[in-house]
Student: 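Take a look at the following structure, please.
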Protein chains: 2
Amino acid sequence: MGRHSDRARETLLNSAEELFALHGIDAVSNRAIAERAGTANHSAVTYHFGGREGLMRALLSRGRAEMAARRAELLDAGSAPPTLREIVTGHILPWTEHLASLPVPSWRARFLYQVASVPSGAEALRESAAQSMRLEEILPGDLPELREVSPNVLSSRARILGGMVMGICASYEGQLEQGEARGTWLSVGYFLVDAAVGLLAAPVTHPTEFVTRGSPPAFPL
Amino acid sequence: MGRHSDRARETLLNSAEELFALHGIDAVSNRAIAERAGTANHSAVTYHFGGREGLMRALLSRGRAEMAARRAELLDAGSAPPTLREIVTGHILPWTEHLASLPVPSWRARFLYQVASVPSGAEALRESAAQSMRLEEILPGDLPELREVSPNVLSSRARILGGMVMGICASYEGQLEQGEARGTWLSVGYFLVDAAVGLLAAPVTHPTEFVTRGSPPAFPL
DNA sequence: ACGAGTTTACGCCAAGTGTCTTATTTTTGG
DNA sequence: CCAAAAATAAGACACTTGGCGTAAACTCGT
C-alpha cells in the first residue's frame, strides 16, 4: 500500500485550495492543480480523488470534525439557557479559531468563500452543508433579545451571517498573507460576534413576510 | 450606421447577464453567450464589445445613472443632518427599487452577486466601483447612533453591507423567478435597512484594531 | 532481492474556446 | 434603386481541457 499516497493527496488538496482561493473555482483546471502540486501527472486529481466532485468533497471535509467538537465544547461551557451572544459565539469562534490554527499564509477562508459564492461550488456545498447544523435552525424562538423579531425576519437575518463571516474572514486572511493584518483572529471573531448580535437583534421597523432561502446557500457556520 | 446594433447589443447583454447569474462568470464562454442570444455568429461578443472586458463594462454600467440619481433624490429628501437610518436607506432603497423596476424574471442581482464574488469579476468591478461612492466613506463620524463605534470597527462593519445586500437581493430575485417570493422588493429594502442599522450600531464589547480592506471588494451600494 | 501493487509520467484524442479571416446578408444614406 | 457600410455567418487555427490508456518508476511485504 502506498503510504505516500496520503502525502500526494495532501499536496494536491493544498494546491487546489490555494488556486481556488486566488482565482475562483471555475477558473482552475485539474491540470493546473496537478502542476501546482509539482507533479507531471496531469490526471492526478482524477487518479487520487476520482474527479472534481471527489476533490471538492475532500476539501470541504477538512477541519469539519475539529470545528464541530469545538462548537459543542463552547456551547457546553455557556450558561443554561444560553444567551443570544453565547449561541452566536459558539458558532463563530470555532471558525476563527480554526483559521488561527492554520499556518500563514492559508487559503481556507478565501477558498470557502468561493465555494459558497459560485454556483458550481454551491452545488458541492449542498451535500456537505447537510452534515452541519444551520444557525437559523438552532436559534430558539424565545430568546429575550429576539422577542421583537418575528420568525420570518429572524430566519432571513440568520441567512446573512454565513456570508458575513466568510467575507470578513476571507478579507482578513488576505491581509494576513500580505503582512498588512492588524489584530488577531480572535479579535476578528469578537468583531463578528458583535456584528452578528447587532444584526440579529436589530429593531424591526417594517414587519415583512418575506423569507430568504435557496441560493446563495447560507454557509453552514 | 446600424441602428440594429443597439438591439443586438441589448440581446447580448441580456443573455450574458442571465448566463452569468445562473452559472457564474467563469463558467460561461463568449460562444455560449452568442448562442443564447440567438445568433450564429460566435464572435459576436468580440465584435460588439471588443472582448470580455468591454462586455463586463457594459453590463456593470447598466442602471448606474438611474440609481445614482435616485440616491441623490432620497438623500436630499431626508433631514439635515441625516440620521443613520436615512443614510442607509438612501443607499439601499435605490438598489431595491431598481430591481423592482426590472421585468420578472430578472438576473441583475444574481449577476452582480457573481461579479462581486469571483476574482475575475471583482477585477472588472474595481474600475466601475471607483465611479460610485462607498458607504464607508460617506458615514459621518459624529452620528449619535455611532458614538460608541470606533472608526476601525465602523469601517469594517460598513464593508459587510455590500455583500449582505447583494446576497439577500440575489436570493429574493431567485424566489421571484420561481414564483415562491413572499413580500415585495420594497419590503426587502426595509428588511435590509433594519438589518444594516442594527449591524452598524451594534454595541462593541471587544475593541479591536483590525480593519478590513482589499478583497472581497465591497460592492458599491 | 524480488515481484505484486501502487503511483507517476506521458502520449493520444475528442470537445470546446478565443481570435483571426473571409464570404454573405442586411441596412442605410443618397 | 444602388453602392457603401454594417452586421451576421461560417471556416481555419492554435490552444487548453478532461478522460483514457500504457509504460515506466517506485514502494513494500516477504
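Within every chain, numbering begins at 1; the chains are lettered A, B, ... in the order of the sequence lines, protein sequences first and strands thereafter.
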Student: Tell me the interatomic distance from A:Asn41, atom CG, to D:dC26, atom C1', rounded to whole angstroms.
Tutor: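 Answer to the nearest Å: 14 Å.
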
Student: Have a look at B:Asn30 and say if it touches a base, only the backbone sugar-phosphate, or nothing, with a 4.0 Å heavy-atom cut-off.
Tutor: sugar-phosphate

Student: May I have the distance from B:Ile33 (atom CD1) to C:dT19 (atom P), rounded to whole angstrom?
Tutor: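 Checked: the CD1 to P distance equals 12 Å.
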
Student: Rounded to whole Å, please give me the gap between CG in B:Leu12 and C1' in D:dA9.
Tutor: 14 Å

Student: What's the CE-C1' distance between A:Met56 and D:dG18, to the nearest Å?
Tutor: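 Taking CE of A:Met56 and C1' of D:dG18, I get 17 Å after rounding.
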
Student: Under 4.0 Å between a side-chain N or O of A:Thr46 and OP1 or OP2 of D:dG18?
Tutor: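 Looking at the OP1 and OP2 atoms of D:dG18, neither is under 4.0 Å from any side-chain N or O of A:Thr46.
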
Student: Measure CG/B:Asp26 against P/D:dT17 and give the value in whole Å, please.
Tutor: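 So the two atoms are 13 Å apart, to the nearest Å.
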
Student: Counting only distance, no hydrogens or angles, is the base of D:dC20 paired donor-acceptor with the side chain of A:Ser43 under 3.5 Å?
Tutor: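 Looking at the base of D:dC20, it does pair with a donor or acceptor on the side chain of A:Ser43 (distance under 3.5 Å).
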
Student: Check the pair B:Arg70 / B:Glu97 against side chain to side chain contact (heavy atoms under 4.5 Å, CB included), numbers first and verdict last.
Tutor: CA-CA 9 Å; B:Arg70 179 64 177 143; B:Glu97 286 175 359; 2.4 Å; yes

Student: A:Phe49 has an atom CZ; how far is it from atom P of C:dT6, in whole Å?
Tutor: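 It is 17 Å, rounded to the nearest whole Å.
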
Student: Counting distance alone, no hydrogens or angles: does the base of C:dG16 have a donor or acceptor under 3.5 Å from a partner atom on the side chain of B:His42?
Tutor: no

Student: Does the B:Glu173 side chain pair with the main chain of B:Ala109, one donor and one acceptor, at a distance under 3.5 Å?
Tutor: yes

Student: Can you work out whether B:Thr39 or A:Glu35 has the more 5'-proximal nearest nucleotide on DNA chain D?
Tutor: B:Thr39

Student: Just how far, in rounded Å, is P of D:dG19 from CG of A:Leu55?
Tutor: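 Rounded to whole Å, this separation is 12 Å.
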
Student: Between the side chains of B:Glu123 and B:Arg126, is the shortest nitrogen-to-carboxylate-oxygen separation below 4.0 Å, so that they form an ion pair?
Tutor: no

Student: Regarding B:Glu17 and B:Arg36, does a basic nitrogen lie under 4.0 Å from an acidic carboxylate oxygen?
Tutor: no

Student: Round to the nearest Å and state the distance from A:Arg7 atom CZ to D:dC28 atom P.
Tutor: 11 Å

Student: Within this structure, what is the CD-OG distance for the pair B:Glu18 and B:Ser106, rounded to the nearest 0.5 Å?
Tutor: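 If I round to the nearest 0.5 Å, the distance is 11.0 Å.
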
Student: Kindly point out which of D:dA9, C:dA9, D:dG18 is positioned nearest to the side chain of A:Ala40?
Tutor: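 Of all the options, the side chain of A:Ala40 is nearest to C:dA9.
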
Student: Counting only distance, no hydrogens or angles, is the base of C:dG16 paired donor-acceptor with the side chain of B:Arg31 under 3.5 Å?
Tutor: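 Flag unset: no donor-acceptor pair detected.
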
Student: Can you find a side chain N or O atom of A:His48 that sits less than 4.0 Å from OP1 or OP2 on C:dT8?
Tutor: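 The answer is yes; a side-chain N or O of A:His48 sits under 4.0 Å from OP1 or OP2.
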
Student: Does B:Tyr47 have a side-chain nitrogen or oxygen under 4.0 Å from the phosphate oxygens OP1 or OP2 of D:dT8?
Tutor: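 It does not, given that no N or O in the side chain of B:Tyr47 lies less than 4.0 Å from OP1 or OP2 of D:dT8.
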
